[in-house]
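A short write-up of the structure that comes next.
Proteins come first, then strands; the chains are lettered A, B, ... in the order of their sequence lines, and each starts at number 1.
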There are 2 protein chains.
Amino acid sequence: MRTVERESAQGPDGRVVPRAARQRTRPGLKEVAERAGVGVSSVSRVLTGHPEVSEVMRNRVMDAVAAIRYEPDLLAQSMRTGATMTIGFVVSDISNPLISEIALGAELRLREAGYSMMVTNSLNKPEVEADYIALLTRRRVDGLMLSITDETSEMMDAAVRRFDSAVVLVDRHVAGADYAAVNCDHAHGITEAFDHLVSLGHTRIGMVNGSPNVRPSRERAAALRRATRGSGTLSTVIRSAGFTPAHGYDATMKMMAGKDAPTAIIAGSNQILIGVLRALRGLGLSIPGDVSLVTCDAVPLADFLDPPLSTIARVPREMGRMAAELLLEQLAGEEPRTVMLPTQFVATLSCGPAADTHER
Amino acid sequence: MRTVERESAQGPDGRVVPRAARQRTRPGLKEVAERAGVGVSSVSRVLTGHPEVSEVMRNRVMDAVAAIRYEPDLLAQSMRTGATMTIGFVVSDISNPLISEIALGAELRLREAGYSMMVTNSLNKPEVEADYIALLTRRRVDGLMLSITDETSEMMDAAVRRFDSAVVLVDRHVAGADYAAVNCDHAHGITEAFDHLVSLGHTRIGMVNGSPNVRPSRERAAALRRATRGSGTLSTVIRSAGFTPAHGYDATMKMMAGKDAPTAIIAGSNQILIGVLRALRGLGLSIPGDVSLVTCDAVPLADFLDPPLSTIARVPREMGRMAAELLLEQLAGEEPRTVMLPTQFVATLSCGPAADTHER
DNA sequence: TTGTACGCGTTATCAG
DNA sequence: CTGATAACGCGTACAA
């Protein structure tokens, strides 16, 4: 049964400091060797599947292993082999459904390859991310998956440079580095949404965009600007800031207040969407009667919203799986590479004909 | 990048000692000691904050540490101290918003205490959970947070019994064990919802319940049965199965097909809810006109659904935080204990007066 | 107060 | 084919 160890102590800073050595030392190779009457190295050979072991030896060892209920110590194994079989995943907030889905995809693939995943949440603080990267480095994780808050953070950059193994960025780009990356084709989704809105008669389209310090926001804004470039009739208003409901709300209020308010809005994330919806509701604007709405990334129960939401979806599970894949490739000695995954625009009733703004 | 290679050295008996299997050249205590011109143990003492070290020694060491950019190897540290400062979190699916929120709460608290968190997804397969528990045991994690799929699984039970350190269950109960647990007061939420529905004239209430092999489902069903007990007019129909949209759909279809269809439904999870909504839509039933609806756990954008959904909410972030807390307590030597967290029923337009079933 | 030496559990080398 | 033994990097009795 569980033995409660009372010798532990509280450090001055409140951190729990467990007692030094574990009381009940579980059987090791040594015990197995004794039980089987062989040398420890033979036990190790059998367990690691070394080719040059006799049948008798194998049986003796396996019997002893079963009898003692021996389980290898992965810590010692890592110590010895240099591989921890652990991947660190640095994210802003695992409770973000997009991220948790990515995490799931990654973990499933990693498990297939025998790796475990360690998750850290920065809550959008670059310095925390840098700390975590350093921590994971000290933990000697074999690889790092990064979904960073701020691609331009120097602390983060320095920290990841000090990490000397496989790295993969998840829909991120850091200048002057050749990390592997899983990117999404935001331009495609934005362009499709744009075309759809234009076909409905919209001429001025607003975008409540996320932080410009991450790839998705930049790609989306660029794609939207590109779409209107050279057109005399089509225009755009883009407001970029944090991925928060507050930004969604404020940006929407400001956008809709002006004389040249857009007749359609693209929300840059599910968090931003919340604020956008609140603002529109507060202004008494109906969707799509007064303003059409598109949001980035899938929304749970989107079909049951009023009206159902048009979305530009990524494939988060696949993003995670692919990120893991790119990591495993590097760990297998291959060169880091970049993969582009699709986005898909799905139009619903939240996009309608452009309202005549003068009638309002 | 590791560029420096350490050459082979001469052993005490003149033999050539080969390089380590993996060529790591990150500086260790030894390098720091050499740079500072002191013994390795002195370096260790300084770094671990040993009280009996002179000022000069401390400075010499810290200077060398800074110069060499030494970072301690947490793996070796764990090897030596017996503590990995790592907690394993076994869940069915991190992409479930309830769970990812719990994970966030836990990770934030664990970080405060210097611990990292390792997440594993079983996708509701008890044998995978057992495997993971065994894996985390071999990894020698200091504690285990369990949000398991099936409390009655013997493989799981055996696996967790073989783990000999701190354990905390997250809204789970396994018979015959005294694990610490963070539980939620489901009875409270269900009772409130029930009373509200009854006050609206509902006499027959359906529950599309989750798996009976986990605490929340059992508590909810029990609370609902208790609420109708002794009443001649009030009745209940409960269907329990997996936490899936498919179950939500099937159960709803069957419930509503019978002659004594309920006029109100409680959905047992956000996944189940999806199926329930689809079924009601498929049947052409309106909410709350034909049937009132309550769902368990918060739904993103619940305010913007049509109609806004009544929910029985848990406090997932707090659940995670508290689970971490209970784990830390045990690691500090305290006895395992159980905490009860609240649930809250919030009524919205999705609950309305009972429809006269004969009019349909 | 500081340094030397040992051991945590494992794998890999090398000599039988 | 097998067994003894040196590391992996660190913390810590023990000796100086």
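- Applying the 4.0 Å criterion to OP1 and OP2 of D:dG11, one finds that B:Q77 has a side-chain N or O inside that range.
- Comparing B:G39 and B:A76 by the nucleotide of DNA chain C whose heavy atom lies nearest to each, the residue mapping closer to the 5' end is B:G39.
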Worksheet item: Given the rule in the side chain to side chain donor-acceptor pair (under 3.5 Å) test, do B:R139 and B:T86 qualify, once you have shown the distances and angles that lead to the verdict?
Response: CA-CA 9 Å; B:R139 280 191 179 279; B:T86 302; over 6 Å; no
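- The CE atom of B:M117 lies 9.5 Å from the OG1 atom of A:T120; values are rounded to the nearest 0.5 Å.
- One finds a side-chain N or O of B:S54 lying less than 4.0 angstrom from the OP1 or OP2 phosphate oxygen of C:dT2.
- Considering only side-chain atoms of B:D73, the nucleotide from C:dA5, C:dG3, D:dG9 that sits closest is D:dG9.
- Atoms CG and OG1, from A:L75 and A:T84 in turn, are 10.0 Å apart once rounded to the nearest 0.5 Å.
- With hydrogens and angles ignored, the 3.5 Å screen pairs no side-chain donor or acceptor of B:D93 with any backbone N or O of B:L123.
- You'll find that the side chain of A:V38 is closest to D:dG3, out of D:dG3, C:dG3, D:dG11.
- For DNA chain D, the residues of residues 46-53 of chain B within the heavy-atom distance limit of 4.0 Å (strictly under) are B:T48, sorted by number.
- Atom P of nucleotide D:dC10 and atom CG of A:L75 are separated by 14 Å, given to the nearest angstrom.
- Each of A:V65, A:N59, A:V61 was checked for a side chain to side chain contact (heavy atoms under 4.5 Å, CB included) with A:V46, and the lone residue meeting it is A:V61.
- For the pair B:S41 and D:dT12, the criterion of a side-chain N or O lying under 4.0 Å from OP1 or OP2 is not met.
- Listed nucleotides: D:dC8, C:dT10, D:dC10. Nearest to the side chain of A:M79: D:dC8.
- Listed nucleotides D:dG11, C:dT2, C:dT11 differ in distance to B:L29; the shortest reach to its side chain belongs to D:dG11.
- If you check C:dA5, C:dT13, D:dG9 against the side chain of B:V40, the one that comes closest is C:dA5.
- Relative to the ring axis of B:Y70, B:R35 does not place its NZ or CZ within 45° and under 6.0 Å from the centre.
- Comparing the start and finish of the helix from C:dT1-D:dA16 to C:dG16-D:dC1, five pairs each, the helix axis swings through 50°, to the nearest 10 degrees.
- Atom CE in A:M85 sits about 15 Å away from atom C1' in C:dT10, given to the nearest Å.
- The CZ-P distance, from A:R26 to C:dC8, rounds to 15 Å in whole Å.
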Discussion item. Go through it in stages, so that I can follow the logic: the residues are A:S165 and A:L331, the test is side chain to side chain contact (heavy atoms under 4.5 Å, CB included), and I'd like the CA-CA distance, side-chain angles, deciding distance and then a yes or no.
Written reply: CA-CA 8 Å; A:S165 188; A:L331 292 172; 4.0 Å; yes
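- Rounded to an integer number of Å, the gap from A:R138 CZ to D:dG9 C1' is 15 Å.
- Of the candidates D:dG9, C:dT11, C:dC14, the closest approach to any side-chain atom of A:S44 belongs to C:dT11.
- As rounded to whole Å, 11 Å separates atom C1' of C:dG9 from atom CG of A:L74.
- To the nearest 0.5 Å, atoms OG1 (A:T338) and CE (A:M322) are separated by 11.5 Å.
- Under the 3.5 Å distance criterion, with hydrogens and angles disregarded, no donor-acceptor pair is assigned to the side chains of A:E129 and A:S153.
- Annotation: cation-pi pair B:R111/A:Y132 present, NZ/CZ under 6.0 Å from the ring centroid and within 45° of its normal.
- Proximity note for A:R80 (side chain, C-beta onward) versus C:dG3, D:dC8, C:dC8: the nearest is D:dC8.
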